[in-house]
J.: 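One structure is given below, represented as structure tokens, and several questions about it will come after.
This is a predicted model, so every value here is computed, not measured. By convention in this document, chain letters (A, B, ...) are assigned in the order of the sequence lines, proteins followed by strands, and residues within each chain are numbered from 1.
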Protein chains: 2
Amino acid sequence: MIESHKLNLGQNHILDSLSVAEYQRLSPHLELVVLPLGEIIYEPGDELRYAYFPTTCIVSMLYVMESGAPAEIAMVGNDGIIGVSLFMGGGTMPNRAVVRSVGYAYRLRAQLLLQEFNRAGGVRNGTLHDMLLRYTQGLITQIAQTSVCNRHHFLDQQLCRWLLLSLDLLPSNELIITQELIANMLGVRREGITEAIGKLQKAKLIECRRGLITVLDRPGLEERACECYQVVKTEFERLHLASRYAPSASYIPIHSGGLLRNESLSSRQARMKQG
Amino acid sequence: MIESHKLNLGQNHILDSLSVAEYQRLSPHLELVVLPLGEIIYEPGDELRYAYFPTTCIVSMLYVMESGAPAEIAMVGNDGIIGVSLFMGGGTMPNRAVVRSVGYAYRLRAQLLLQEFNRAGGVRNGTLHDMLLRYTQGLITQIAQTSVCNRHHFLDQQLCRWLLLSLDLLPSNELIITQELIANMLGVRREGITEAIGKLQKAKLIECRRGLITVLDRPGLEERACECYQVVKTEFERLHLASRYAPSASYIPIHSGGLLRNESLSSRQARMKQG
DNA sequence: TGCTTTATGTGCGCTACCGTACCGACTGCG
DNA sequence: CGCAGTCGGTACGGTAGCGCACATAAAGCA
């Protein structure tokens, strides 16, 4: 699970923003790990032993209801960190973090993160302390906007928002995920997603195969999405938190050829379906 | 607007938790102010000149959509602070903060808050820095749970949650608010609220007059509410953030006789209806 | 007092999404 | 290859909440 310390380094936005001194202190302790689809980073109430800085993976923060039905609170990729409760002081969270898209992440022992977080002398600009809090503020906006979107917008608009937010965390224009999982994330029926995807396909915005969605027309998606996507994206840019992959004005589609395709999609996803 | 520095002091949970040293540094700069219904504390993008520590008022964080329709993201009372963006580093937020229930709050110049926040030596336990971050984590849970609730639960359940959360921020069992405003907060039709309130009245859980809701049976409300209320409340208690008014196990109803009734309900509320 | 404003209650057709059921198609595995 | 398991498409009745249009009632004001 643990790979070279050098490979792929510097792909997480928070790590990229560290001062030289901080980076030198932390980098020896950063371990690059692969996070497989369905891996649970923490459960409600779990004390974290590590914080994770995703580079190519995407992790969902899910609330799992008493009924067992999950709902996505927020998604975290190479723009952020998993383990906010560590430095925010709560220690744990009442939700679950689960890997939604295979990929790499750097992990750092909780204690070391805290040590660096609390180090901060007088000046804080550009420090880890500063970046982590700014990221957390961005997270608040993402969560809040999800709430608004849940209430007010049509499912196909929500799907556009969700696709775009996911896409911004990925290096290609392909999303490896089943409709059932999307339904879980958005907290709706699987059939509803089928219908919404059908609409987007008819509009030539996306193209689908089993467990794979290819975005054909990103600007078209943005146009069709509700305001929520832009609100979140603009706020992240303002906070200097935008993902390394997030395109701003112009957009040139990339074809990865599915480099990080999941080996065993089905078996892994079984774990994610329920509590 | 500015009242005695001593009157009513020590009713905000964050201020109450400060160390003696911190309290001594800050208290000379805390101004007790009345926040009237409908007062806008900040608009999206506004740089804050003051942070506010509510004691008896309730402030809503609203997102105002492009259509002009508002939706409540979170509510803040004597358990928290208005002005999270100050210490989180973003400076501004993409939402609006508006007073939903008249009352008092302590205000503190932004610069002084930041100064104290950044002071923190090695030990942080029990400091303002610590409390503010822990509160912010609680806020995240509240926002996230609102999102889940929006998606999954019936309107009358959501109303129960909302009533209970509001009640926990108030010293009596009376809520001074119109159905129209509740509808705005929950992001639904006014008629929907009328219907939901009707159900709760039939169940003898509440009693209503124009612009006034009296809670008759709190345990009944809790039973009828969805899990979301308990999740938020439990998390706030775990983080030592519970409002001074929030009852835990046992509950004895209080009759204030409507001490802080709004003088001109209607005119004020006109401002809140739209963008 | 009577008039105006504002809050609340009610009815009715509409629709986005739900719950359920079922079927075909793709994929991975022996 | 053929089978089993999973994924995706479709259909259909049900319903929570919407949009609209009024009616009623309570509070404020002159």
J.: Quick one: side chain to side chain donor-acceptor pair (under 3.5 Å) partners of A:E227, sequence neighbours excluded?
T.: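 Counting only residues at least two positions away or on another chain, A:E227 forms a side chain to side chain donor-acceptor pair (under 3.5 Å) with B:Y63.
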
J.: By side chain to side chain donor-acceptor pair (under 3.5 Å), which residues pair with B:E207, not counting sequence neighbours?
T.: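 Counting only residues at least two positions away or on another chain, B:E207 forms no side chain to side chain donor-acceptor pair (under 3.5 Å).
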
J.: Got a sec, which pairs hit salt bridge (charged side-chain N to carboxylate O under 4.0 Å, His left out) with one end in residues 59-79 of chain A, sequence neighbours left out?
T.: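 Only A:E72-A:R100 qualify under salt bridge (charged side-chain N to carboxylate O under 4.0 Å, His left out).
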
J.: Excluding sequence neighbours, so at least two apart, what forms side chain to side chain donor-acceptor pair (under 3.5 Å) with A:Y245?
T.: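 Partners of A:Y245 by the side chain to side chain donor-acceptor pair (under 3.5 Å) criterion, ordered by chain and then number, come out as A:Q11.
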
J.: Roughly what angle, to 10°, lies between the helix axis at the start of the helix from C:dT1-D:dA30 to C:dG30-D:dC1 and the one at its end, five pairs per end?
T.: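 What I find for the helix from C:dT1-D:dA30 to C:dG30-D:dC1 is an axis angle of 30°.
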
J.: What are the atom names and distances for every N/O pair under 3.5 Å that joins the protein to nucleotides 24-27 of chain C?
T.:
{"residue": "C:dC26", "atom": "O2", "partner": "A:R210", "partner atom": "NH1", "Å": "2.9"}
{"residue": "C:dC26", "atom": "O2", "partner": "A:R210", "partner atom": "NH2", "Å": "3.1"}
{"residue": "C:dT27", "atom": "O4'", "partner": "A:R210", "partner atom": "NH1", "Å": "2.9"}

J.: Please list all pairs meeting salt bridge (charged side-chain N to carboxylate O under 4.0 Å, His left out) that have one or both residues in residues 138-158 of chain A, counting only residues at least two apart or in different chains.
T.: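 Found A:D156-A:R224.
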
J.: Do any of residues 153-164 of chain A sit with a heavy atom less than 4.0 Å from DNA chain C, and if so which?
T.: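 A:F154, A:L155, in order of number.
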
J.: Reckon B:Q179 has a side-chain N or O less than 4.0 Å from the OP1 or OP2 of C:dT6?
T.: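 So the side chain of B:Q179 is outside the cut-off, no N or O lying under 4.0 Å from OP1 or OP2 of C:dT6.
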
J.: Please write out each protein N/O paired with an N/O of nucleotides 2-4 of chain D under 3.5 Å, distance rounded to 0.1 Å.
T.:
none

J.: Tell me which residues in residues 189-198 of chain B lie within less than 4.0 Å of DNA chain C, going by non-hydrogen atoms.
T.: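 Only B:R190, B:E191, B:T194 qualify.
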
J.: Run the side-chain donor-acceptor check on residues 191-199 of chain B: report pairs under 3.5 Å with partners two or more places apart or on a different chain.
T.:
{"residue": "B:T194", "atom": "OG1", "partner": "B:Q179", "partner atom": "OE1", "Å": "2.7"}
{"residue": "B:T194", "atom": "OG1", "partner": "B:R190", "partner atom": "O", "Å": "3.3"}
{"residue": "B:T194", "atom": "OG1", "partner": "B:R190", "partner atom": "NH1", "Å": "3.0"}

J.: Could you pull out all residues at least two apart from A:N78 that satisfy side chain to side chain donor-acceptor pair (under 3.5 Å)?
T.: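 With neighbours one apart ignored, the set is A:S243.
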
